[in-house]
Every structure is written in structure tokens, then in C-alpha cells.
Amino acid sequence: SYVYVKPNTDAKFTGLSGAVCEGGAAISLTPGTPGGVFTTSSGTIAGTNYTPGNAGIQLVKYVIKDSFCPDSTTQTIKINALPKFECVSH
């Protein structure tokens, strides 16, 4: 008889910086254990790429759906509003 010990999943991920601009370039995220799914409260996720959405504090979550060891991690990122310029003629 054998006992199979499955390694724990690691839902941690890297790639988010402290702050980015609204509508900025996509950010590549690197999961600790591949095969999970990223979700966000604002912006878009395409595979492991996150494109920032609306200004404010946003959430990015990585979920590993495993029947034995499910896990998830949520991180925050600050999305800065784009500066508004006003042209005034004299």
C-alpha cells in the first residue's frame, strides 16, 4: 500500500508594483503555482497579464482550485488617475 503526498499549492504571485496610472500598460503576473485563475476588481486580466482599470485601490486575486489543497491570495494596487490638463488661451 502506498500513500501519495501531494505538494502544497502556492497561491502567492509577483509582478504588481506599488502604483500605476489608470489605463496603463499591461503588467505581467507570475504565480507561485501555475494553473490558477487571476481576477480583478477593476481592469482586465488576459492569462497572466493585468491591465489597470479605474483610479483607486484595486484588488487582484489569484485562485488555485484544487480538490485537496485549494488556495488564494489577494493583493492591492493603487491606480492613479491620469492628470487633467486645461488649455487656457490669453
Side-chain angles (χ1 to χ4, degrees):
S1 156
Y2 295 95
V3 174
Y4 176 71
V5 178
K6 186 174 180 178
N8 287 335
T9 57
D10 180 7
K12 293 177 188 166
F13 63 93
T14 60
L16 289 182
S17 63
V20 296
C21 286
E22 186 174 24
I27 300 166
S28 180
L29 306 173
T30 305
T33 299
V37 176
F38 283 101
T39 60
T40 182
S41 59
S42 176
T44 57
I45 299 281
T48 59
N49 292 315
Y50 166 67
T51 302
N54 299 327
I57 302 297
Q58 305 301 340
L59 304 175
V60 177
K61 184 175 185 177
Y62 184 62
V63 178
I64 298 172
K65 294 181 180 178
D66 183 282
S67 59
F68 297 103
C69 302
D71 199 4
S72 68
T73 298
T74 302
Q75 294 183 26
T76 60
I77 185 168
K78 182 178 180 186
I79 311 297
N80 293 318
L82 294 175
K84 296 185 183 194
F85 295 98
E86 185 177 324
C87 294
V88 180
S89 61
H90 296 288

Where do A55 and N80 come nearest, in terms of heavy atoms and distance? CB-C, 4.2 Å

Which distance, rounded to the nearest 0.5 Å, do you find between the OG of S42 and the CD1 of I57? 11.5 Å

Check whether I45 and L16 end up in the same hydrophobic cluster, where Ile, Leu, Val, Met, Phe, Trp and Tyr are linked by side-chain heavy atoms less than 4.5 Å apart. yes

E86 versus V88: any side-chain heavy-atom pair under 4.5 Å? yes

How close do E22 and G53 get, heavy atom to heavy atom, and via which atoms? CG-O, 3.2 Å

I79 versus P52, closest heavy-atom pair with distance: CD1-CB, 3.7 Å

Backbone of G15 reached by a side-chain donor or acceptor of Q75 within 3.5 Å: no

Is the shortest heavy-atom distance from the side chain of Q58 to the side chain of S41 under 4.5 Å? yes

Would you name the heavy atoms of C69 and T9 that are closest together and state the gap between them? O-OG1, 2.8 Å

In terms of the angle between their ring planes, are Y62 and F38 parallel, tilted or perpendicular, with boundaries placed at 30° and 60°? tilted

Check the pair T74 / V60 against side chain to side chain contact (heavy atoms under 4.5 Å, CB included), numbers first and verdict last. CA-CA 6 Å; T74 302; V60 177; over 6 Å; no

Judged by atom type as modelled, is there a donor-acceptor pair below 3.5 Å linking the side chain of T40 to the main-chain atoms of L59? yes

Tightest non-hydrogen contact, residues T51 and G24, listed as CG2-O, 3.6 Å

Given the rule in the side chain to side chain contact (heavy atoms under 4.5 Å, CB included) test, do V63 and K65 qualify, once you have shown the distances and angles that lead to the verdict? CA-CA 6 Å; V63 178; K65 294 181 180 178; 4.0 Å; yes

Can a donor-acceptor pair be found, under 3.5 Å and without considering hydrogens, that links the side chain of T33 to the backbone of D10? yes

Any L82 side-chain heavy atom under 4.5 Å of C21 side chain: yes

Do N49 and L29 touch side chain to side chain, with heavy atoms closer than 4.5 Å? no

Tightest non-hydrogen contact, residues T73 and F13, listed as O-CE2, 3.7 Å

